[in-house]
Amino acid sequence: MSTTAITGARVFDGEKPLGVTTVVIRGGTIVQVGGEVPAGAEVVDGSGATLLPGLIDAHVHTDRDSLALALKFGVTTELEMQGVNTRDRRGAISEDDSVADVRSSGFALTPPGGHPSELFPKDFHPGGPAGGRGGGHRGEPPYRPDATSPEAAAASVPQLLAHGSDYIKFMIDDGSVEGHPGLPMLDQDTLNAGVAAAKRHGALTVAHVLTIDAARMAIEAGIDGLVHLFVEPPTDEIVTMIKDSGAFVVPCTVLNASMMGVTGSELADDPRVARRLDTDWDATLRSCFGHYPQGGFQDVLDGVEALADAGVDLLVGTDVSQPLPFLGGLAHGASVHQELQNLVRAGLTPAAALRAATATTARRFRLSDRGRIAEGLRADLLLAGGDPTTTITDSLNTRAVWRRGTRLAV
């Protein structure tokens with residue numbers, strides 16, 4: 001079993017900077033932090049760079065191609081918030097160190113005709129060939145829960161878990177932000193019943209919300225995390241509710257910006273990004289959702305700042321999906337770095353933003369084997385030139401990426 005020692009690099013362990021420290025990996029595991037280089041180890045010179053835990057995107061919709069793209073940007077794990085990469089369907093991905101690892105909610109609880117059906121053109125069907133763009137899978141279709149009543153929602157939760165969902169997601173959206181007001185939406189009783197059933201089974205619960213009213217419903221139901229931030233200006237009431245509940249928030253500021261008509265063109269122009277994107281992803285990143293042009297992005301940043309000041313756990317996520325312009329403004333991997341920049345713009349320190357993409361996400365999603373640089377954990381690592389703990393844009397200076405100790409050619 002080969003041993004690799006990364007020397008001369010500053011180390012950010014997922015929670016705090018450790019200074020210049022040697023990190024040793026053997027097989028797929030971190031076996032030493034600090035100390036001398038073991039005899040016979042392959043040495044990687046990290047001088048002038050910072051070694052970080054592999055980044056985690058806490059909100060995606062993904063497939064094998066997208067997981068491969070994410071890994072090129074140092075994103076070693078993606079958390080799917082609706083899709084097919086459940087525990088019983090991702091064996092090949094889990095064993096493939098050329099792509100990011102993945103966890104999945106499976107399909108979310110939403111009423112018939114509810115969100116996200118309004119996002120897709122008529123006759124468009126998400127999904128596709130196994131391993132290809134669209135995230136499809138040959139064999140049995142994924143389990144689709146029933147959210148037509150409290151009883152149906154409660155009965156669907158153990159079925160989702162039995163089919164390999166890692167956590168349970170609820171859609172709370174009437175379509176108003178997407179320009180489709182009046183969509184069927186979960187009512188409070190059905191939401192409450194579903195969340196309560198998940199808690200009885202020990203499952204983590206998350207909710208899609210884009211408005212303060214939806215966020216309030218989720219918090220009142222006892223949700224563990226909000227995987228969007230509302231597009232409205234924050235109120236003291238909702239910030240206090242979230243803080244007091246102990247819920248985490250995945251702001252997905254890059255998604256909110258896209259909803260408000262902001263494209264990712266500036267990010268796409270960055271040569272560190274451009275060289276990794278094919279023409280489809282470049283076109284997608286340069287597009288946007290554009291469904292909520294009346295919104296103000298400063299309101300989103302103010303919401304992030306208010307939650308951070310209140311001590312709410314913030315997690316980095318993007319809501320990136322497929323390389324299609326109508327799902328635009330986002331690209332796998334690249335948009336994680338934009339999200340980091342947005343969190344810093346909202347007032348977080350670079351180190352706090354990096355925690356939101358590493359240790360905090362791992363802790364809140366119960367991923368005890370990753371998200372930090374510590375002995376015994378997975379060797380999921382990003383070596384970035386410069387020092388992202390002081391200059392967040394340095395996170396894009398990718399020198400090397402390891403997934404389970406296997407170095408990716410970047």
Going from [atom1] on [X] to [atom2] on [Y], what distance comes out if it is rounded to the nearest 0.5 angstrom?
X    : Y    : atom1 : atom2 : result
H208 : M81  : NE2   : CE    : 12.5 Å
C252 : N342 : SG    : CG    : 11.0 Å
L340 : I392 : CG    : CD1   : 4.5 Å
I223 : T205 : CD1   : OG1   : 3.5 Å
I30  : I373 : CD1   : CD1   : 6.0 Å

Can we say [X] and [Y] salt-bridge, meaning some charged N sits less than 4.0 Å from an Asp/Glu carboxylate O?
X    : Y    : answer
D166 : R90  : yes
D101 : R370 : yes
R103 : E78  : no
K169 : E80  : no
R364 : D313 : yes

Is the side chain of [X] donor-acceptor paired with the backbone N or O of [Y] at a distance under 3.5 Å, no angle test?
X    : Y    : answer
S117 : G114 : yes
T77  : I56  : no
N397 : G385 : yes
S335 : Q338 : no
D380 : R404 : yes
R403 : V99  : yes
Q341 : L343 : no
S105 : A108 : no
T86  : S165 : no
R407 : W402 : no

message: D369: which residues meet the side-chain hydrogen bond (donor to acceptor under 3.5 Å, both in side chains) condition with it, sequence neighbours left out?
response: none

Considering non-hydrogen atoms only, spot the tightest contact between [X] and [Y] and give its length.
X    : Y    : answer
S395 : A384 : O-CB, 4.1 Å
P142 : F107 : CG-CE1, 3.3 Å
P325 : S287 : O-OG, 2.8 Å
P233 : I212 : O-CD1, 3.4 Å
G371 : A362 : CA-CB, 3.9 Å
R399 : G46  : NH1-C, 4.0 Å

Short side-chain donor-acceptor distance under 3.5 Å, [Y] and [X]:
X    : Y    : answer
D63  : S66  : yes
H115 : T110 : no
D96  : S98  : yes
T263 : S265 : yes
T318 : D57  : yes

message: side-chain hydrogen bond (donor to acceptor under 3.5 Å, both in side chains) for S176 and D174? Distances and angles first, verdict last.
response: CA-CA 6 Å; S176 57; D174 67 358; 2.9 Å; yes

Non-hydrogen side-chain atoms of [X] and [Y] separated by less than 4.5 Å:
X    : Y    : result
D173 : V209 : no
L307 : I242 : yes
I168 : L161 : yes
E232 : D213 : no
L55  : V316 : no
V262 : N256 : no
L109 : L160 : yes
V304 : V249 : no

task: Would you sort out whether L69 and W281 count as a side chain to side chain contact (heavy atoms under 4.5 Å, CB included), showing the intermediate values?
output: CA-CA 10 Å; L69 178 59; W281 275 115; 3.7 Å; yes

message: Looking at R372, I'd like to know if its CZ atom is crowded, meaning that more than 12 non-hydrogen atoms belonging to other residues, nucleotides or ligands lie closer than 6.0 Å.
response: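 Open: at most 12 neighbouring heavy atoms sit under 6.0 Å from CZ of R372.
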
- request: Answer yes or no: are there more than 12 heavy-atom neighbours, outside E266 itself, under 6.0 Å from its atom CD?
  value: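 For E266, atom CD is not crowded (no more than 12 foreign heavy atoms under 6.0 Å).
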
Below 3.5 Å, can you tabulate the donor-acceptor pairs from side chains in residues 289-301 to any protein atom, sequence neighbours excluded?
from : atom 1 : to   : atom 2 : distance (Å)
Q298 : NE2    : D302 : OD1    : 2.9

message: Using the ring pair (Phe, Tyr, Trp, His ring centres under 6.0 Å) criterion, which residues pair with Y167? Sequence neighbours excluded.
response: F365

Listed pairs under 3.5 Å, donor-acceptor, residues 195-204 side chains, sequence neighbours left out:
from : atom 1 : to   : atom 2 : distance (Å)
K199 : NZ     : G222 : O      : 3.0
H201 : ND1    : A197 : O      : 2.9

In residues 346-354, what donor-acceptor pairs under 3.5 Å come from side-chain atoms, sequence neighbours left out?
from : atom 1 : to   : atom 2 : distance (Å)
T349 : OG1    : A352 : N      : 3.0

- prompt: Would L71 and T76 satisfy side chain to side chain contact (heavy atoms under 4.5 Å, CB included), going step by step from the backbone distance to the final call?
  reply: CA-CA 5 Å; L71 191 62; T76 53; 3.7 Å; yes

task: List the steps and the verdict of side-chain hydrogen bond (donor to acceptor under 3.5 Å, both in side chains) for E339 and T253.
output: CA-CA 6 Å; E339 186 73 7; T253 67; 2.7 Å; yes

- request: Before giving the answer on side-chain hydrogen bond (donor to acceptor under 3.5 Å, both in side chains), spell out for S104 and N85 the whole-Å C-alpha distance, their side-chain angles and the decisive distance to 0.1 Å.
  value: CA-CA 6 Å; S104 181; N85 292 295; 5.9 Å; no

message: Check for me whether the distance between the ring centres of H228 and H59 falls short of 6.0 Å.
response: yes

Audit row: D319, H61, side-chain hydrogen bond (donor to acceptor under 3.5 Å, both in side chains) steps and yes/no: CA-CA 7 Å; D319 202 8; H61 309 275; 2.9 Å; yes

Identify each donor-acceptor pair in which a side-chain atom of residues 183-193 lies under 3.5 Å from a protein atom, sequence neighbours left out, and give them as a table.
from : atom 1 : to   : atom 2 : distance (Å)
D187 : OD1    : D189 : N      : 3.1
D187 : OD1    : T190 : N      : 2.7
D187 : OD1    : T190 : OG1    : 3.0
D187 : OD2    : T190 : OG1    : 3.3
Q188 : NE2    : N192 : OD1    : 2.9
Q188 : NE2    : M217 : O      : 3.1
N192 : ND2    : Q188 : O      : 3.3

